[in-house]
Structures are given as C-alpha cells and as structure tokens.
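Some notes on the structure that comes next.
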Amino acid sequence: MGAMLPPMRELYPNPATDVDPVERYGADDRGAPGGDRPWVLVNMIATVDGATAIDGRSGGLGGPADKVVFGAIRAVADVILVGAGTVRAESYGSPRTPPGGGAPPRLAIVTRSLDMDLTSAVFTDAPADRRPIVVTTERSDAARRRDLEAVAEVMVAGDDDVDVGLALSKLAAQGAQVVLCEGGPSLNGHLVAADALDELCLSLAPIVAGGSSPRMAHGLAPPHVTGLRLDRVLESDGMLFLRYVRASADASASAVSAASEQSPS
Ligand SMILES: NC(=O)c1ccc[n+]([C@@H]2O[C@H](COP(=O)([O-])OP(=O)(O)OC[C@H]3O[C@@H](n4cnc5c(N)ncnc54)[C@H](OP(=O)(O)O)[C@@H]3O)[C@@H](O)[C@H]2O)c1
C-alpha cells in the first residue's frame with residue numbers, strides 16, 4: 001500500500017494491522033454459484049444512514065482507502081455490470097489495468113433508453129478487444145442500437161426490462177466467472193429481485209447525510225429477502241469495509257421467517 005494511505009486493519013474475523021486489500025479480496029473464494037450464471041458481487045458505498053449519493057454522486061462519500069478497496073474489488077472481476085444512470089452520473093471511463101497487472105475487466109452497461117454519449121471516454125478509451133457491452137431490451141430503438149454497435153457490443157436480454165438473469169447467463173456463456181455490479185440502486189434492485197446476489201461489499205462511510213438518496217437496492221419488493229452472512233470487516237480512518245456473502249439455504253430460510261415475524265399482521 002502507498003505511504004500516504006491511512007493504515008487498514010482487519011477487525012473480523014482475524015484481527016490484524018496493515019492488511020493489504022488487494023491480497024485479502026483476491027484470496028476470497030468465489031466458486032460457481034450454481035445454475036448457468038456467474039458469481040455476482042455488488043460493491044457499493046453508503047453513509048451510516050443509508051445514503052448512496054450526495055448531490056447526485058457517490059464521490060463525496062469515500063476517501064483514499066475506499067479507492068484502494070474499489071480497485072482491489074475490481075481486480076477480481078471479469079465483467080463490471082453497471083446501470084446507465086451511474087455511467088451518466090459518475091462519468092464512467094474505461095476500466096484500467098488492475099493492481100498486480102492482468103487484463104482489466106470488461107464493462108457491461110445496462111440501459112433501456114440507449115441514451116449514452118458515444119463520444120465519451122467509456123467508449124473511446126476502450127481497447128478494440130475490450131469494447132463495452134451495452135445490455136438492452138428487444139424494444140429498444142433499433143436505429144440507436146446500430147449506432148451503438150460502432151463503439152460497443154450490443155447484447156439484447158429481455159423485452160421491456162433487461163432480464164438481469166438472462167444477461168448474466170449470456171455473460172457466463174462468454175466466459176465471465178465473476179461479475180461485479182457497481183450499481184446503481186435501480187440495477188441492484190433488479191439483481192435482488194432476480195435473486196442473483198452472491199456477495200455484497202459495502203463501504204460504510206462515517207457520515208450522516210439525511211436527504212432523499214435511495215438505499216443501495218431500490219425497486220420492486222422481491223418475493224423473499226436474501227439472507228447474508230458477515231464474512232469480514234476491514235477498517236481504515238473510520239470507514240468500514242464490510243464483506244457479506246449469501247447465507248446458506250437454511251440461514252436464508254430463518255432470515256425470511258424472522259422478517260415475516262416482525263411484519264405487522
Ligand atoms: N454509493 C454507491 O456506491 C453508488 C454506486 C452507483 C451509483 N450511485 C449513485 O446512484 C445514482 C444513480 O442511481 P440509479 O438507480 O439511477 O442508477 P442505475 O441503476 O445505475 O441506472 C438506472 C438506469 O439503468 C438502466 N437500467 C437499470 N436496470 C435496468 C433494467 N433491468 N432494464 C433496463 N434498464 C435498466 C436504465 O437506463 P436508461 O435510463 O438508459 O434506460 C435506468 O434508468 C447516482 O446518484 C449515483 O451517483 C451510488
């Protein structure tokens with residue numbers, strides 16, 4: 001880690017100082033989750049009161065340590081899945097070579113409207129063999145799809161909405177084993193509704209933001225909640241880096257029953 005960075009500690013499960021996030025996230029087990037889809041990891045940053053953006057962007061929530069963890073998590077991904085709202089809000093660029101080298105992950109942008117700036121760096125900076133994948137619907141505008149084909153690979157999955165389960169299967173068929181979803185809340189909501197979340201990495205910023213920012217997964221309520229198991233807690237400069245993985249089927253069932261017992265009748 002660079003000399004300017006505040007030290008990173010592991011608080012759980014193995015307390016330690018001077019932890020290297022690249023090594024820690026890189027050593028995590030991400031086996032095939034079953035079915036024909038890849039391992040799906042969602043990485044988000046939120047304030048303690050659950051805000052995912054301040055003034056429409058997440059940039060003000062993190063600090064240097066968060067940037068290191070963000071890069072360490074990208075390094076384990078074959079594909080970065082991201083909603084078009086986030087690409088527009090956060091001025092996404094082409095993913096860079098990960099720490100430690102190797103091929104950068106490929107970007108896959110989910111959009112119904114195809115409202116994307118074809119001259120933006122996310123397209124123009126991508127190497128010819130790693131052009132972004134634009135994941136869209138059957139009903140999207142055909143002429144606009146053809147325009148996008150000049151700068152991206154266009155993948156159709158679903159009629160009105162992108163069917164994220166189908167899109168994940170198609171990415172797996174192209175060889176993706178680990179798909180990292182970097183949000184935003186709407187896309188995360190679709191992933192949760194499709195029961196397609198294996199790992200959640202949450203950077204918890206020591207900030208209370210108030211306001212009306214959406215929670216990290218936002219949308220239609222799924223038929224059941226996804227139970228998670230806390231796997232690791234890192235800390236740097238008051239920021240917590242929480243890693244959760246999907247709980248076993250038994251633990252998920254008890255989380256569902258606990259949630260329903262708390263519901264008003
Ligand atoms: N805290 C964090 O870690 C974090 C991470 C990411 C984003 N953010 C913040 O979140 C905000 C953006 O939120 P958002 O919910 O609008 O972001 P989003 O999920 O990135 O974008 C929503 C857009 O993505 C497309 N989309 C998502 N799911 C789709 C589906 N199943 N089918 C078809 N299209 C789909 C649509 O694009 P079209 O409109 O093109 O049809 C939709 O309008 C920004 O303020 C950003 O800063 C925070």
Side-chain angles (χ1 to χ4, degrees), residues 40-63 65-67 69-71 73-74 77 80-93 95 107-118 120 122-123 132-141 144-145 147-148 152 154-171 179-197 199-207 209 211-220 222 239-242:
V40 178
L41 184 180
V42 170
N43 182 29
M44 292 289 286
I45 184 167
T47 64
V48 171
D49 61 333
T52 53
I54 296 177
D55 294 334
R57 298 190 61 165
S58 62
L61 305 183
D66 180 62
K67 286 199 172 60
V69 170
F70 184 84
I73 294 172
R74 278 193 160 194
I80 298 171
L81 189 71
V82 64
T86 296
V87 172
R88 292 187 288 257
E90 308 275 350
S91 309
Y92 256 54
L107 205 60
I109 305 167
V110 179
T111 172
R112 188 183 297 104
S113 70
L114 302 177
D115 177 15
M116 321 252 12
D117 177 2
L118 274 54
S120 68
V122 76
F123 298 115
I133 303 168
V134 170
V135 189
T136 191
T137 61
E138 294 280 2
R139 304 230 169 127
S140 62
D141 185 90
R144 185 68 183 155
R145 281 210 306 253
D147 291 345
L148 270 157
V154 175
M155 176 186 282
V156 174
D159 297 329
D160 291 323
D161 280 342
V162 166
D163 175 337
V164 291
L166 178 58
L168 289 167
S169 304
K170 289 189 168 194
L171 291 171
V179 171
L180 161 63
C181 180
E182 292 185 343
S186 312
L187 178 57
N188 292 346
H190 284 273
L191 282 177
V192 171
D195 195 22
L197 188 148
E199 173 178 354
L200 175 64
C201 293
L202 170 61
S203 302
L204 196 59
I207 297 172
S212 56
S213 161
R215 292 178 300 120
M216 74 182 70
H218 178 84
L220 292 176
M239 175 92 81
L240 293 178
F241 300 96
L242 306 165

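One-based numbering, in listed order, for ligands and for the atoms of each. Since we're looking at a predicted model, the values are computed, not measured.
- For Ala84, heavy-atom contacts with ligand 1 shorter than 4.0 Å involve the backbone as well as the side chain.
- In this structure, the side chain of Thr137 does not engage the main chain of Arg112 through any donor-acceptor pair within 3.5 Å.
- For Arg144 against Leu118, the heavy-atom pair with the smallest separation is NH2-CD1, 3.3 Å.
- The minimum heavy-atom distance between Ser58 and Ile45, with the atom names listed, is CB-CG2, 4.1 Å.
- Against a heavy-atom cut-off of under 4.0 Å, Leu187 is close to the following atoms of ligand 1: 19 (O), 28 (N).
- Taking every heavy atom of Ile45 and a limit of under 4.0 angstrom, the matching atoms of ligand 1 come to 1 (N), 2 (C), 3 (O).
- Within a 4.0 Å radius of atom 42 (C) of ligand 1, the protein contributes no non-hydrogen atoms.
- In this structure, the side chains of Leu148 and Phe123 come closer than 4.5 Å at one or more pairs of heavy atoms.
- Looking at heavy atoms from C-beta onward, Arg215 lies out of side-chain contact with Asn188 at the 4.5 angstrom threshold.
- Residue contacts with ligand 1: Thr111 is placed with a nitrogen or oxygen under 3.5 Å of a nitrogen or oxygen of the ligand (distance criterion only).
- For a threshold of 3.5 Å applied to N or O pairs, the pair formed by Gly85 and ligand 1 contains at least one separation below that value.
- For Glu182, every heavy-atom contact with ligand 1 shorter than 4.0 Å involves the backbone, none the side chain.
- Contact annotation: the side chain of Met216 approaches that of Leu200 to within less than 4.5 Å [non-hydrogen atoms, C-beta and beyond].
- Each of the following atoms of ligand 1 lies closer than 4.0 Å to a heavy atom of Ser58: 1 (N), 2 (C), 4 (C), 47 (O), 48 (C).
- Side chains of Thr111 and Met116 form a contact here, defined as non-hydrogen atoms less than 4.5 Å apart.
- Within the structure, the closest approach of Met116 to ligand 1 does not fall below 4.0 Å when heavy atoms are considered.
- The Gly183 neighbourhood of ligand 1 comprises atoms 20 (O), with distances under 4.0 Å to a heavy atom of that residue.
- Closest to atom 34 (N) of ligand 1, if we only count protein heavy atoms, is Arg112 N, 3.5 Å.
- Of the protein's non-hydrogen atoms, the one nearest atom 39 (O) of ligand 1 is Arg88 NH2, 2.9 Å.
- In terms of protein heavy-atom proximity, atom 12 (C) of ligand 1 is nearest to Thr86 OG1, 4.1 Å.
- Geometrically, ligand 1 and Gly56 share a nitrogen or oxygen pair separated by less than 3.5 Å.
- By the 3.5 Å distance cut-off applied to N or O atoms, Gly83 is counted among the residues near ligand 1.
- Taking all heavy atoms of Gly219, Ser213, Ser186, Ala167 into account, the minimum distance to atom 14 (P) of ligand 1 is reached by Ser186.
- Here the protein heavy atom with the shortest distance to atom 46 (C) of ligand 1 is Glu90 OE2, 3.3 Å.
- Glu182 contributes no side-chain N or O that, together with a main-chain N or O of Ile80, makes up a donor-acceptor pair within less than 3.5 Å.
- Geometrically, ligand 1 and Val164 share no nitrogen or oxygen pair separated by less than 3.5 Å.
- Looking only at protein heavy atoms, the nearest one to atom 29 (C) of ligand 1 is Val110 CG1, 3.5 Å.
- Between the side chain of Lys170 and the main chain of Val156, a donor-acceptor pair closer than 3.5 Å is present.
- Closest protein heavy atom to atom 32 (N) of ligand 1: Val162 N, 2.8 Å.
- Not a single heavy atom of Ala46 sits closer than 4.0 Å to an atom of ligand 1.
- Between Leu191 and Leu168, the closest side-chain pair of non-hydrogen atoms falls below 4.5 Å.
- Contact of the Val164 side chain with the Leu187 side chain is registered, since non-hydrogen atoms from C-beta on lie closer than 4.5 Å.
- Here's the thing with Ala89: none of its N/O atoms is less than 3.5 angstrom from an N/O atom of ligand 1.
- Those atoms of ligand 1 with a heavy atom of Asp161 less than 4.0 angstrom away are 32 (N).
- Using a 4.5 Å heavy-atom cutoff, the side chains of Leu41 and Cys201 are in contact.
- The option with the heavy atom closest to atom 18 (P) of ligand 1, from among Gly184, Gly59, Ser203, is Gly184.
- Remark: side-chain polar atoms of Ser213 are paired, donor with acceptor, to backbone N or O of Ala53 under 3.5 angstrom.
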Discussion item. Determine whether Leu171 and Met155 satisfy the following criterion, side-chain contact (heavy atoms from CB on, under 4.5 Å), listing intermediate values before the conclusion.
Written reply: CA-CA 9 Å; Leu171 291 171; Met155 176 186 282; 3.8 Å; yes
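- Here the straight-line distance linking atom CG of Leu202 with atom CG of Leu240 works out to 8.5 Å at 0.5 Å rounding.
- Contacts between His190 and ligand 1, counted as non-hydrogen atom pairs separated by less than 4.0 Å, involve the side chain only.
- Given atom 48 (C) of ligand 1, the protein heavy atom at minimum distance is Thr52 O, 3.2 Å.
- Atom 38 (P) of ligand 1 has its closest protein heavy atom at Ser113 OG, 3.4 Å.
- In summary, the atoms of ligand 1 found under 4.0 Å from a heavy atom of Ala53, numbered by their order in the structure, are 45 (O).
- Proximity of Val122 to Ile109: side-chain heavy atoms (C-beta onward) are separated by under 4.5 Å at one or more points.
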